[in-house]
Structures are given as structure tokens and as C-alpha cells.
Amino acid sequence: MDYFFSEEQVMIRDLCRQIAEERIKPVRAELDEKEQFPSEIMKALAQADLFQIIIPAEYGGLGGGCLENCIAVEELSRACCGVSTSYAACFLGAYPILLFGSQEQKDKYLPLIGNGQQYCAFALTESASGSDAGSIQTEARRDGDFYVLNGSKQWITNGGQAGIYTVVAITDRSKGARGATAFIVEADDPGFTVGKKERKLGIRASATAELIFSDCRIPADRVLGKEGLGFVVAMRTFDKSRPGVGAQAVGLAQGALDEAAAFARVRKQFGKPIITFQAVAHMLADMATEIEAARALVYATARFIDSGAKDISKVSAMAKVFPSDVAMRAATNAVQVFGGHGYMRDYPVEKMMRDAKILQIYEGTNQIQRNVIGQELNKEYGRSK
Amino acid sequence: MKIVVCIKQVPDTAHVRLDPETHTLKREGVESIINPFDLFALEAALRIREQAGGAIVALSMGPPQAAEVIKEAIGYGVDEGLLLSDRAFAGADTWATTAALAAAIGQMEDVDLIVCGKQAVDGDTAQVGPGIAQRLGRPQVAFVKAFREISGQRLVVERQMDDGFDVVDLPLPGLITVVREVGEPRPPSLKGKMRAKQYRVPVKGAADLGLAPEQVGLAGSYTQVVKVFAPQATGERRVLQGSAQETGAQAVDLLVDNQVILLGS
């Protein structure tokens with residue numbers, strides 16, 4: 001369907017599609033098998049200016065918004081969600097600086113992020129603190145012109161690959177949710193180390209690691225916004241980034257449909273291509289319909305966010321929860337259409353099925369997304385009385 | 001460092017067919033692309049610029065629509081472009097082509113390095129790069145596969161040979177032609193593509209280059225393509241039938257008898 005993209009948006013889509021076909025598809029299985037970070041691809045994405053998309057023009061970027069980001073992420077995800085996760089996590093790490101950074105912080109970091117010289121990561125999750133973000137244990141103690149961080153973060157995408165980390169830590173435990181603060185930590189800060197690299201079910205090209213802060217000393221001007229804003233930084237960041245996960249889901253689901261439909265046209269049983277059997281055709285029809293609905297939701301939400309709208313939490317959550325559920329179904333059904341072949345690692349759909357699962361989990365589980373939507377509905381209907 | 005990259009617009013060879021009647025290329029519906037070897041030249045130039053700084057000019061000769069490959073080169077990140085286009089250039093062989101390209105480069109100031117792909121996929125001559133260097137009186141190294149040293153004064157390059165490679169010291173200004181081992185071409189960039197959209201490709205004709213009509217195009221060429229044809233398979237065919245052992249032995253005998261395999265005495 002034509003979504004009436006601007007010339008620039010078409011350019012982003014076509015360039016990402018070209019890179020996905022030429023650079024990602026030929027190596028995705030190997031990257032997955034070897035659990036290898038896609039360094040060469042990330043370099044190509046940087047050379048193509050794709051890290052510049054959301055960086056404002058005054059810092060050398062292209063000044064695009066959520067929609068441009070979603071278009072790029074969708075196309076890359078159509079080939080490999082492991083690669084697109086590595087790419088999109090850079091924006092997740094960059095949004096806090098974009099949204100809350102001081103002039104000095106923006107001057108220093110945004111050009112580095114935009115030209116791909118430094119990858120980013122966002123660190124909130126801990127081993128005992130997932131959906132219950134308020135229970136994080138990592139602490140930051142003020143010490144003169146410095147903060148000293150202690151604790152550890154878990155399952156951090158781009159951990160060990162990023163040069164710039166946005167880290168949320170508790171600065172005043174007595175203040176509860178208002179006692180957390182977001183900091184910028186650089187990879188070579190003293191007391192900062194990267195722990196073990198995780199072994200994952202899917203998105204295995206992406207690097208997921210533990211971050212360890214052991215008397216990690218950083219200058220006080222690394223605070224994002226101000227002390228106590230940590231969870232606001234995190235929530236505002238997620239509001240912006242969630243449609244990106246939706247875009248990953250749309251891309252992955254489309255990739256699964258592409259594979260399944262092509263296979264169903266050539267696979268013959270009972271003397272006929274299996275796409276001519278209604279049972280198979282209906283599965284493909286449902287996949288295609290749901291994907292189009294998910295895509296429309298992602299683009300509409302992204303455009304709404306780019307319009308400068310204020311109350312975006314609900315739609316942003318919707319644009320993550322629905323597409324990721326669609327992607328999981330589409331990938332599972334793609335494997336079903338492939339039958340025994342689909343279960344083998346020789347075809348890309350088993351990887352897609354493994355990759356799809358994370359989309360329902362990270363950046364807020366789909367259960368948490370439904371909580372967000374529910375809370376917003378409660379507020380809306382409370383107001384309209 | 002100022003670098004000139006020579007690029008040629010060619011039919012997408014993956015999709016070219018010969019008309020069996022007229023023996024000419026069927027060009028209808030065949031897309032034009034940058035000669036694939038020239039993408040390696042572009043990549044080499046971009047890498048040299050990254051290391052040594054400076055600017056790159058993409059140079060092409062062809063019909064007006066060849067401006068597209070110049071724009072494409074802008075998309076890859078080159079700084080400027082120049083298209084040589086003139087009815088008088090039509091039908092040029094490599095001699096007449098190098099006359100025009102060398103004249104254009106001669107008019108540019110302070111060109112340190114000229115980079116060409118090793119050959120074009122349509123003509124397959126591999127003569128234009130070396131021909132330009134010869135006309136300009138500059139040193140050249142063909143089939144470069146890697147760089148060992150890059151400076152404003154000299155390049156130390158590896159030249160691919162059939163049985164290994166040579167290490168060659170090339171004083172600048174000079175010319176190189178490159179092979180694919182020089183590095184996988186990067187994707188175009190968004191900023192480059194946006195610039196390419198706006199970019200107006202400068203065009204020069206024979207008169208602008210100070211060349212007389214008899215020096216260029218068909219008139220300035222020593223060779224002409226008289227006919228293009230797909231060779232007929234004319235060899236005698238024989239089908240051997242029987243067990244693998246039998247037919248294998250027969251095949252070896254035939255190869256030896258016909259001196260395809262030469263046995264030592």
C-alpha cells in the first residue's frame with residue numbers, strides 16, 4: 001500500500017532495502033550461528049548516514065523523526081532482527097541525550113553518534129529489576145564534582161560494543177521513583193567494565209551483555225536533565241522508541257510472509273503448489289492482513305509523535321504491542337507453511353521465529369504495554385465524565 | 001590530494017542479450033549502471049580520501065543520460081563530477097576516448113591521482129586507464145589490489161599478477177587501475193543521495209576540451225566495431241555411452257589422441 005512517503009523517506013527505505021539485500025541477507029545465518037556482532041554491516045550503515053536519521057541538522061544529522069527511524073528499522077528487520085536490534089539500540093541510547101541532554105552534552109555526543117563513530121546503549125534493566133523498574137539497585141553517590149556508581153545492569157543491548165551508555169541509577173533511595181537519575185557513562189570511564197556476553201534464543205547477531213559499575217567515577221556534568229529525573233528520562237525515551245520495536249516487528253513479519261508465500265508457490269504436494277490449498281492460503285492471507293494493519297498503526301503513531309503530540313504513551317504502547325504479537329504469529333505460521341523444512345536451520349524462518357519472541361519482551365513486555373494502555377484509558381474515561 | 005575517478009555507464013550485463021538476427025546488443029529494457037569495476041575505483045578513491053584528505057572528481061564520457069552515473073557517484077560521496085558529452089564523441093574507440101578524457105584531466109588543476117576500474121564490462125579492453133596515463137605522461141600501475149602506503153607524494157601499491165603480486169612504488173601524480181580485491185564498495189549515503197538529487201552535472205564538449213572533431217569519436221578512432229556476434233559452437237560432438245569405467249577410459253583416450261592432454265615422454 002502507498003503510505004505517501006516524502007522523497008527523503010523513499011530514499012531511506014530504498015537505501016535500507018539495498019543494504020538489507022546486499023549486505024545483511026547473505027550473512028544473517030552465519031552471524032546468527034556464530035553469535036557474531038555485525039561490525040561490517042554497522043560500518044556500512046554508518047557510511048550510508050543511517051545513524052544520522054534522528055540527529056538534528058545542527059549536529060550534522062538529517063533531522064528526521066520517529067517515522068524516518070521506523071522506515072529504516074523496518075527494512076533492516078525484514079532481513080535480520082539481530083542486526084536491526086544493534087542499530088535501533090543506538091537510537092535508544094541516543095534519545096535520552098536528544099531529549100534531555102545539555103548543550104555541551106549534545107555538542108559532544110550527537111556528532112559521534114550520528115557518524116557512527118560511537119555506538120550507544122541504554123541501561124535500565126537489572127537482574128532483579130525488569131518490569132518493576134522502580135526496584136533498581138545500582139546506586140550513584142555524589143562525591144564533589146563527581147558521581148560514583150556501584151551496581152550492575154543486565155541484558156544490555158550493545159553492551160561491550162557501545163562507547164556511550166545511558167545508565168539509570170538511584171541517587172536518593174528515600175525519594176522512591178523520584179530518586180533515580182540518568183547518567184552518561186563512557187566505555188573507558190574508570191570502574192566501568194562489561195561482564196559476560198549472553199547466549200540468546202534469537203537476535204543472536206546483537207551483543208547483549210552485563211555492565212558492571214565498581215566505584216565507577218564520572219564527572220558530575222554527565223547527569224542527563226537533573227537529579228531525580230531518571231525515570232522520566234527512561235519513560236520519555238521509551239515513548240519515542242517503542243514504535244521502533246513495532247517497526248522491527250512489521251519488518252520481521254513481512255520477511256516471514258515473503259519467505260512463506262514464495263515457498264508455498266513452489267512447494268508441491270498432491271500435485272499442486274500448496275498455496276492453492278485453502279488451508280495454506282488463508283494462513284498467508286491472515287498474515288498479510290495483520291501485517292498491513294500493524295504497519296499502518298506504526299506509521300500513524302510515528303507521524304502522530306512527529307507532529308509534536310504530548311500524550312503519546314498509549315499509542316506508543318499500542319504501536320509496540322500489536323505489531324510484536326503479529327510478528328510472533330506470522331513467524332510461527334511461516335514455519336508452519338514450510339512444514340518440516342521450516343523447522344530446519346537451512347531456511348530463514350526458524351531464525352525469524354526465534355527472533356520474534358524478544359519483540360514481545362524487550363522495551364517493556366507486552367503485558368506492561370497493556371498496563372500502560374489500560375492506565376491511560378482509565379485516565380481518559382475518568383476525565384470525560 | 002585531488003583524485004579523479006573515471007567511471008563509465010554500461011548496460012547491466014547481467015541482463016544483456018544479443019539479437020540473433022542483427023548481432024547487435026538488445027538495449028531495450030536493459031538498465032544502465034555504473035561499470036561494476038568502476039565501483040571498486042570509487043571505493044578506492046573514497047578510502048584514499050579518508051586517509052589523505054582532499055577531493056574527488058568523478059569523470060565520465062558518454063551520451064547526456066550518462067549524467068546519471070555522475071549523480072550516482074555523488075551519492076557515493078564524491079565531491080564533484082564532470083561529463084564529457086558531444087555528438088562528435090560517438091563511436092570512439094579507446095584511442096579517441098583517452099584523447100577526450102586526458103584532455104579533460106589536463107584542464108583540471110593539481111590532479112594527484114587518477115583511479116580507474118581495471119576494465120569496462122561492455123568493451124572489456126582494459127586500455128583506457130593506461131591510455132590516459134600514457135597521454136598525460138604520468139606513471140601508472142594497473143590491477144592494483146591493495147595499498148601499503150598513501151601520501152601526497154607517492155603510493156605504495158600491490159599489483160595483482162597471475163602468480164602472486166608485485167609491490168610497486170608509484171610517485172604522484174600518477175594513475176592506477178584497480179581490481180575487486182581493493183575493497184567492497186560501500187553503499188551510497190543518504191546525504192550523498194540528497195546532494196545528488198540537486199546536483200547539476202557540468203558538461204563539456206570537444207571544443208571545450210580544445211579538441212578538433214577529427215581527434216575524437218569515430219573520426220579519431222583507429223578501430224571500429226564492424227560486427228558483434230555470439231560465436232557458434234562448431235566443435236564436433238560425440239556422446240559416449242556405456243558404463244562409467246568404459247566411457248571414462250574412452251574419454252581419456254580421446255583427450256590424449258587429440259592432444260588435449262599431453263603426456264610426458
Side-chain angles (χ1 to χ4, degrees), chain A residues 5-27 38-65 67-73 75-76 79 83 87 91 111 113-117, chain B residues 3 5 12-15 31-56 58 68-79 115 121 146-147 180-200:
Chain A
F5 286 164
S6 69
E7 253 183 309
E8 281 183 19
Q9 289 161 351
V10 170
M11 220 178 257
I12 291 171
R13 183 194 64 196
D14 293 349
L15 185 56
C16 288
R17 194 169 289 177
Q18 182 188 344
I19 292 173
E21 289 294 325
E22 293 175 2
R23 302 293 179 107
I24 303 178
K25 271 191 182 175
V27 298
S39 302
E40 289 299 310
I41 297 169
M42 291 288 271
K43 202 173 139 200
L45 296 176
Q47 285 172 333
D49 292 331
L50 289 168
F51 290 104
Q52 301 281 19
I53 287 183
I54 63 160
I55 306 296
E58 59 261 46
Y59 304 102
L62 296 164
L67 181 57
E68 284 78 12
N69 180 18
C70 286
I71 292 168
V73 167
E75 288 302 330
L76 301 178
V83 171
Y87 170 71
F91 291 146
I113 297 166
N115 65 26
Q117 225 173 308
Chain B
I3 306 167
V5 185
D12 188 349
T13 41
H15 303 104
E31 239 185 283
S32 290
I33 56 168
I34 294 185
N35 172 41
F37 289 115
D38 298 346
L39 287 178
F40 296 105
L42 264 177
E43 178 61 28
L46 291 166
R47 288 185 186 195
I48 292 168
R49 187 184 65 183
E50 274 167 9
Q51 220 172 307
I56 305 172
E68 280 312 308
V69 293
I70 298 286
K71 286 188 161 219
E72 228 180 301
I74 297 279
Y76 281 97
V78 313
D79 300 276
V115 188
V121 293
F147 300 97
R180 65 168 60 238
E181 286 73 12
V182 85
E184 191 183 1
R186 68 195 60 197
S189 74
L190 283 171
K191 284 184 194 173
K193 282 172 90 84
M194 284 172 192
R195 183 162 168 253
K197 261 194 141 24
Q198 314 292 332
Y199 189 76
R200 293 176 70 92

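Note on naming: letters A, B, ... go to the chains in the order of the sequence lines (proteins, then strands), and numbering restarts at 1 for each one.
Heavy atoms from other residues, nucleotides or ligands lying under 6.0 Å from CZ of A:Arg17 number more than 12. Summarising the local packing, CD of A:Gln18 is surrounded by more than 12 heavy atoms from other residues, nucleotides or ligands at distances under 6.0 Å. The number of heavy-atom neighbours closer than 6.0 Å to CD of A:Glu8, taken from other residues, nucleotides and ligands shown, is 12 or below.
If you measure heavy-atom distances from A:Leu45 to chain B, you find no contacts under 4.5 Å at all. The parts of A:Gln47 that come within reach of chain B are both its backbone and its side chain, each placing non-hydrogen atoms under 4.5 angstrom from that chain.
To the nearest 0.5 Å, atoms CE (B:Met194) and CD (A:Glu7) are separated by 9.5 Å. Taking CD of B:Glu184 as the start and CD of A:Glu22 as the end, the distance is 8.5 Å to the nearest 0.5 Å. Interatomic distance, B:Lys193 NZ to A:Asp14 CG, rounded to the nearest 0.5 Å: 7.0 Å. Distance check: B:Lys197 NZ to A:Met11 CE gives 4.5 Å after rounding to the nearest 0.5 Å. Atom CG of B:Leu190 sits about 5.0 Å away from atom CG of A:Leu50, to the nearest 0.5 Å.
Closest of all the heavy-atom pairs between A:Leu15 and B:Ser189 is CD2-C, 4.2 Å.
If you tally non-hydrogen atom pairs under 4.5 Å between each of B:Gly77, B:Pro188, B:Gly75 and chain A, the highest count goes to B:Pro188.
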